[in-house]
Amino acid sequence: MDLETIQELILLEGIEASFEPATTELPSDRVNVPLRLENLPELLQLQIIKVPKINDSDLPGVEMVQYYVPLPVLVDDAVVDEVLRLLPAVNLASPLNGFNYDEDAQAIYFRYLLLVPEGAGKEILGPVILETLWLVFFVLDNLGADITAVATGQQKASQLLN
């Protein structure tokens, strides 16, 4: 399934989505979906990207679609341990596990890799693509504010985990 088809499916659901072709700075085509969450005041940007295979023997018969959302917060050095304690527990409790910490950027992001059958039509893949989109929205809306509170030192991981 190509990204233009994914964008079309999202638009048919009444959800805003734009196709952005690859550039030298960002070498992959992507579909951008703005996420307005109830529990986070900042607008988040979901990027849907098809992950290319390195060679033909990589996961034969399967395509990889990545859902990626950076959270709009930098993690303070003083709370890195709290974040590293929180994220695995949150991922275990979440219907989609995808929260990660980038040490170099001091940032938290959500990344989920969906494996879909290669060559399947949109009548089969459409519901899977859209249901995954709704699950990403659900997970970020329900967990994003708590993760952000820990990342900014406003809350302790232990308060959320008990």
Side-chain angles (χ1 to χ4, degrees), residues 1-3 5-18 28 30-53 58-59 61-75 79-103 105-118 120-152 154-162:
M1 173 174 284
D2 62 33
L3 288 174
T5 302
I6 291 173
Q7 178 198 14
E8 177 186 314
L9 289 166
I10 294 169
L11 290 170
L12 287 172
E13 283 290 304
I15 301 169
E16 184 180 340
S18 61
S28 296
R30 64 201 150 285
V31 173
N32 295 314
V33 180
L35 299 178
R36 290 171 185 82
L37 305 176
E38 193 173 305
N39 294 316
L40 278 174
E42 298 90 354
L43 178 69
L44 299 183
Q45 185 76 18
L46 166 65
Q47 296 175 5
I48 301 174
I49 301 166
K50 282 190 66 176
V51 179
K53 294 182 181 184
D58 287 349
L59 300 169
V62 174
E63 292 181 89
M64 297 175 282
V65 179
Q66 174 182 280
Y67 294 74
Y68 175 81
V69 181
L71 293 184
V73 63
L74 291 178
V75 178
V79 296
V80 168
D81 288 342
E82 288 289 314
V83 168
L84 294 177
R85 187 175 303 116
L86 178 67
L87 293 183
V90 166
N91 282 330
L92 283 173
S94 172
L96 294 179
N97 56 356
F99 288 102
N100 295 284
Y101 175 65
D102 180 341
E103 290 180 22
Q106 290 185 282
I108 298 172
Y109 62 92
F110 181 85
R111 179 180 178 265
Y112 183 75
L113 193 61
L114 176 66
L115 301 177
V116 296
E118 203 165 52
K122 69 179 176 180
E123 64 282 345
I124 293 171
L125 294 182
V128 174
I129 296 289
L130 293 171
E131 287 172 19
T132 304
L133 172 66
W134 284 113
L135 272 171
V136 168
F137 181 88
F138 174 82
V139 167
L140 289 165
D141 197 33
N142 284 282
L143 300 171
D146 288 335
I147 291 170
T148 300
V150 171
T152 57
Q154 298 171 9
Q155 196 166 14
K156 297 279 188 191
S158 58
Q159 294 172 300
L160 296 174
L161 299 175
N162 290 329

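Given the structure is predicted, the values throughout are model-derived calculations rather than measurements.
- For the residue pair A145 and N39, the shortest heavy atom distance occurs at CB-O, 3.3 Å.
- Judged purely by atom type and a 3.5 angstrom limit, D102 has no side-chain atom pairing as donor or acceptor with the backbone of A107.
- Looking at residues two or more places apart in sequence or on another chain, you find no salt bridge (Lys or Arg N to Asp or Glu O under 4.0 Å) involving E13.
- Interatomic distance, CG of L143 versus OG1 of T148, reported as 10.5 Å (0.5 Å rounding).
- Taking the side chain as every heavy atom from C-beta outward, V90 and L160 never approach each other to under 4.5 Å.
- Of all heavy-atom pairs spanning I108 and A151, the tightest one is CD1-CB, 3.7 Å.
- If you take CD on Q155 and CD1 on I147, they are separated by 11.0 Å, rounding to the nearest 0.5 Å.
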(request) Go through the steps for L44 and L71 under the test side-chain contact (heavy atoms from CB on, under 4.5 Å), then give the verdict. (result) CA-CA 7 Å; L44 299 183; L71 293 184; 4.1 Å; yes
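- Expressed to the nearest 0.5 Å, how far CG of N91 lies from CG of N97 amounts to 5.0 Å.
- Using a 4.5 Å heavy-atom threshold, the side chains of L115 and M64 count as touching.
- Under the side-chain contact (heavy atoms from CB on, under 4.5 Å) criterion, A93 pairs with no residue at all, not counting sequence neighbours.
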(message) Between L130 and I10, does the side-chain contact (heavy atoms from CB on, under 4.5 Å) criterion hold? Intermediate values first, please.
(response) CA-CA 7 Å; L130 293 171; I10 294 169; 4.0 Å; yes
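- E131 pairs by the salt bridge (Lys or Arg N to Asp or Glu O under 4.0 Å) definition with nothing, not counting sequence neighbours.
- Remark: Q159 engages no residue in a side chain to side chain donor-acceptor pair (under 3.5 Å) (not counting sequence neighbours).
- Between Y112 and Y67, the ring planes lie tilted relative to each other; the angle falls in the 30° to 60° range.
- A donor-acceptor pair under 3.5 Å links the side-chain atoms of R30 to the main chain of S28, judged by distance alone.
- Taking the six-membered ring where tryptophan is involved, the planes of F137 and W134 are perpendicular, since the angle between them exceeds 60° and thus also 30°.
- Proximity of a side-chain donor or acceptor of Q7 to a complementary backbone N or O of A17 within less than 3.5 Å is detected.
- Under the side chain to side chain donor-acceptor pair (under 3.5 Å) criterion, T5 pairs with D2, sequence neighbours left out.
- By the 6.0 Å contact criterion, CZ on F138 is open, its count of non-hydrogen atoms from other residues, nucleotides or ligands being 12 or less.
- Using a 4.5 Å heavy-atom threshold, the side chains of F99 and L86 count as separate.
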(message) For a side-chain contact (heavy atoms from CB on, under 4.5 Å) check, start with the C-alpha distance between L125 and L9, then their side-chain angles and the critical distance, and finish with the verdict.
(response) CA-CA 10 Å; L125 294 182; L9 289 166; over 6 Å; no
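- With values rounded to the nearest 0.5 angstrom, L140 atom CG is found 11.0 Å from L135 atom CG.
- Between L113 atom CG and L96 atom CG the span is 11.5 Å, to the nearest 0.5 Å.
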(message) With side-chain contact (heavy atoms from CB on, under 4.5 Å) as the criterion, how do I48 and L3 come out once you've worked through the C-alpha distance, each side chain's angles and the decisive distance to 0.1 Å?
(response) CA-CA 8 Å; I48 301 174; L3 288 174; 4.2 Å; yes
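- Under the salt bridge (Lys or Arg N to Asp or Glu O under 4.0 Å) criterion, R36 pairs with E16, not counting sequence neighbours.
- A donor-acceptor distance shorter than 3.5 angstrom exists from the side chain of E82 to the backbone of A157, with no hydrogens or angles considered.
- Summarising the geometry, atom CG belonging to L43 is positioned 7.5 Å from atom CG belonging to L35; distances are rounded to the nearest 0.5 Å.
- The minimum heavy-atom distance between V69 and L46, with the atom names listed, is CG2-CD1, 3.5 Å.
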